[in-house]
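So the structure is just underneath, and the comments pick up after that.
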There are 2 protein chains.
Amino acid sequence: MSAAAATFAALGEPSRLRIVELLRTGPRAVGDIADALGLRQPQVSKHLRVLGEAGLVRVRPQARRRVYSLEQDAFDDLASWLDSFQRVWETRLDALGALLESGAADLPTDLPTDLPTDLPPSPPAQPGATSPTQET
Amino acid sequence: MSAAAATFAALGEPSRLRIVELLRTGPRAVGDIADALGLRQPQVSKHLRVLGEAGLVRVRPQARRRVYSLEQDAFDDLASWLDSFQRVWETRLDALGALLESGAADLPTDLPTDLPTDLPPSPPAQPGATSPTQET
DNA sequence: GTCACGTATTCCCGTCAAGGAATATGTCGG
DNA sequence: CCGACATATTCCTTGACGGGAATACGTGAC
């Protein structure tokens, strides 16, 4: 599994995502995380293990406690992965614009000129609103 | 499950991530995706459904085919989610800078850029690497 | 050494999701 | 209407994952 997929899989678990978002406010020990999120300590340890294997957190033993913090590099990698998508839109829109300006009204039929507009009755899902997915 | 978690979960499946990365090069019909990735058509349809419910792709019926393309909004949302993490580092670095300027500043400029509770400078973290536990 | 504390690991179990195969739905051409 | 093509859906099985409970490990205090 690609590293990116492992990263996404780790973040795809709600409890783990909450842990990551909590650590966004600063490093925390295992017990503190469990307390803050209302989770049990063993589950938190398990989740932290997965997050660690995905390179998302690092641990620093401090006396008897183990303080976890976010691993910046992982988020940098995520950002550059995302960047490779941002450029897609720009490139495609530029290409479309150039094509239109060049007087090419005879667009090939297989040219995807379908960026904007119509959306068939399918996924209204968007972060920030609950998806119509069958959620238990 | 938060919408962000659903998005990450969708991308956390290797085949789905490959589909998304393929669609980065432009819209594709289901059969073309299956052919390009060496997957079977029903599985591709299932994955596309999940991606659609996560708001990551949209579909445009075109004759007998259904052409899928990336949904830009989902990636914008991901980017802003990531930004909220980037600011963490900046904030801390700013705080560090402010601290230096505020008078305690006779420190060398090559001060290790550590977080609130000092970090040893050694981030070999690459996605797909090892656990954070100190392998002794 | 012994104990208490914090954390990691193990085992068990229920659930869920992914792949395979078969089939249903939908759409176009004749 | 019918057949061919493209895609979606269903059923089934199996493996992985998450939570609960109990326990092992490591470290500091006495």
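Here is how names work: the chains are called A, B, and so on, in the same order as the sequence lines, proteins then strands, and each is numbered from 1.
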Exercise. Establish, with yes or no, whether the OP1 or OP2 oxygen of D/dA6 is under 4.0 angstrom from a side-chain nitrogen or oxygen of B/R66.
Key: no
Quiz item: Within this structure, what is the CZ-to-C1' distance between B/R49 and D/dT7, rounded to whole angstrom?
Solution: 13 Å
Practice problem: Decide yes or no on side-chain contact (heavy atoms from CB on, under 4.5 Å) for A/L22 and A/L37, but give the supporting numbers first. | Solution: CA-CA 8 Å; A/L22 174 64; A/L37 299 184; 4.1 Å; yes
Quiz item: Is there a donor-acceptor pair closer than 3.5 Å between any side-chain N or O of A/R28 and the backbone N or O of A/I33?
Solution: no
Self-check item: Backbone of B/A3 reached by a side-chain donor or acceptor of B/T7 within 3.5 Å
Solution: yes
Practice problem: Indicate whether OP1 or OP2 belonging to D/dA6 is found under 4.0 Å from a side-chain N or O atom of B/Y68. | Solution: no
Practice problem: Look at the side-chain heavy atoms of Ile, Leu, Val, Met, Phe, Trp and Tyr, link any pair under 4.5 Å apart, and say whether A/V50 and A/L11 land in one connected group. | Solution: no
Quiz item: Is there a donor-acceptor pair under 3.5 Å between the side chain of A/E71 and the backbone N or O of A/A74?
Solution: no
Quiz item: Can you tell me if the side-chain N/O atoms of A/R65 get under 4.0 Å from OP1 or OP2 in C/dC5?
Solution: no
Quiz prompt | Whether B/R24 side chain and A/S84 backbone form a donor-acceptor pair below 3.5 Å | solution = no
Self-check item: Footprint string (nucleotides 18-30 of chain D, 5' to 3'): B base within contact, S backbone only, - free, heavy atoms under 4.0 Å
Solution: SBB-B----BS--
